[in-house]
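What follows is a short report on a single structure.
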Amino acid sequence: MGMVHHAAPTNSVQEQTSKCSVGATYEGRDPALLDRILPHVDYIEVTLETIAEVRDDKLRLSDEVMSELKDIGKAAQIIVHGVSLSIGSHDGWQPTYLNLLDDFLQQIDVAWHSEHLGYTKVDAQHLGIMLAMPKTEQALDMVCERVGRIQDRYKLPFLLENIVHVVPDFPGKYSDAGFLNALTDRTGCGLIVDAYNLECDAHNHGFDISEFLAELNPRNVREVHVACGVEHNGFLLDVHSQLTRNSTVELAQHIVNQAAGNAQVVVYEFMPEAVPGLGHDAIAGELARLRAAFGH
Ligand SMILES: [Fe+2]
């Protein structure tokens, strides 16, 4: 088992936690779950690909799920979190994702939208996995130009999230935090910091979380993710199937504190496939626990 490096509070034994809203993922088609979630959250995070279905040979948003989301009304703000844009592919992003986003935003107001800093296709071939960007000047130029196009197109805050490293890094000029700092400085985009992804990297590759957070400009962190998966063959997997561990919540608290009021929400992520195993009670309990931990 690899070392999990924790970012220790610097000048106090008991770190005061900054207040932060709580959110949860919800992918539709489970209204009983939504009823249990809503009393505990201020934000609902939706992944468009999960609520899409193929109709007339085209990928379209499910009318059924869209009407569920419209019914949320003022009970929570909606935020969109994409998985298939592939903003880091050298041969261009995936335009079908933007079609889904166009359609969604015509129907529902969102507080902001986000994607992952990575790529899921190479030379138009889908990899079936998301890989981290090479941290070179050329890659930075490319992704900054694309972020600018997204900001122009939607006129909404856009955030990018750190993803887990599945394969060793391509040699590049920037550290992980240095690349994110340069990206946010140049584009004004915000960041999602996924606390569980950092723990996976620490466990799997000895990634130094303290060093990463010490270098990261905390002003740009708008959203923090917590989740938990399973360990397989010694690897901690980026699947969202479990309740969060205390270590992940503590790391998220540290990130929120460091962001000093800039982090708006901590989102608990779980896959729809995990809901029967977790149960609605446990999910509601998890959200209540996060609300207590983040002071809302
Ligand atoms: Fe995440």
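Keep in mind that the numbers below use all heavy atoms, side chains included, and drop hydrogens, waters and symmetry copies.
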Legend entry - Distance-only donor-acceptor check, side chains Glu223 and His81, under 3.5 Å: no

Legend entry - Residue pairs fulfilling salt bridge (Lys or Arg N to Asp or Glu O under 4.0 Å) with at least one residue in residues 99-125, sequence neighbours excluded: Asp102-Arg153

Inset, instruction - With the side chain counted from C-beta on, respond yes when Leu33 and Val275 share a heavy-atom pair under 4.5 Å apart, and no when they do not. - result: yes

Legend entry - Under 3.5 Å donor-acceptor, Arg60 side chain and Asp57 backbone: no

Legend entry - Donor + acceptor pair across side chains of Ser89, Ser86 (<3.5 Å): yes

Inset, instruction - Under the ring-ring contact (aromatic ring centres under 6.0 Å, His included) rule, collect the residues that match up with Tyr174, sequence neighbours excluded. - result: Phe179

Legend entry - Residues Gln94 and Thr120: side-chain donor-acceptor under 3.5 angstrom: no

Legend entry - Minimum-distance pair of heavy atoms, taken over all atoms of Leu98 and Tyr154: O-OH, 3.4 Å

Legend entry - Minimum heavy-atom distance Asn197-Asn162, with the two atoms named: ND2-O, 3.0 Å

Legend entry - Remaining members of hydrophobic cluster (4.5 Å side-chain criterion), Tyr196: Leu236

Inset, instruction - Can you label the angle between the Phe207 ring and the Phe212 ring as parallel, tilted or perpendicular, going by 30° and 60°? - result: tilted

Inset, instruction - Can you run down the side chain to side chain donor-acceptor pair (under 3.5 Å) pairs that involve residues 261-271, sequence neighbours left out, and say none if there aren't any? - result: His225-Glu269

Legend entry - Glu199 CD to Ile209 CD1 distance, which is reported to the nearest 0.5 Å: 5.5 Å

Legend entry - Sidechain N-carboxylate O distance under 4.0 Å for Lys70, Asp63: no

Legend entry - Pair Glu64 + Arg55, salt bridge at N-O below 4.0 Å: no

Inset, instruction - Mind checking side chain to side chain contact (heavy atoms under 4.5 Å, CB included) for Thr136 and listing every partner two or more places apart, or none if nothing turns up? - result: Pro134, Gln138, Ala139, Phe170

Legend entry - ring-ring contact (aromatic ring centres under 6.0 Å, His included) partners of residues 126-146, not counting sequence neighbours, each pair once: none

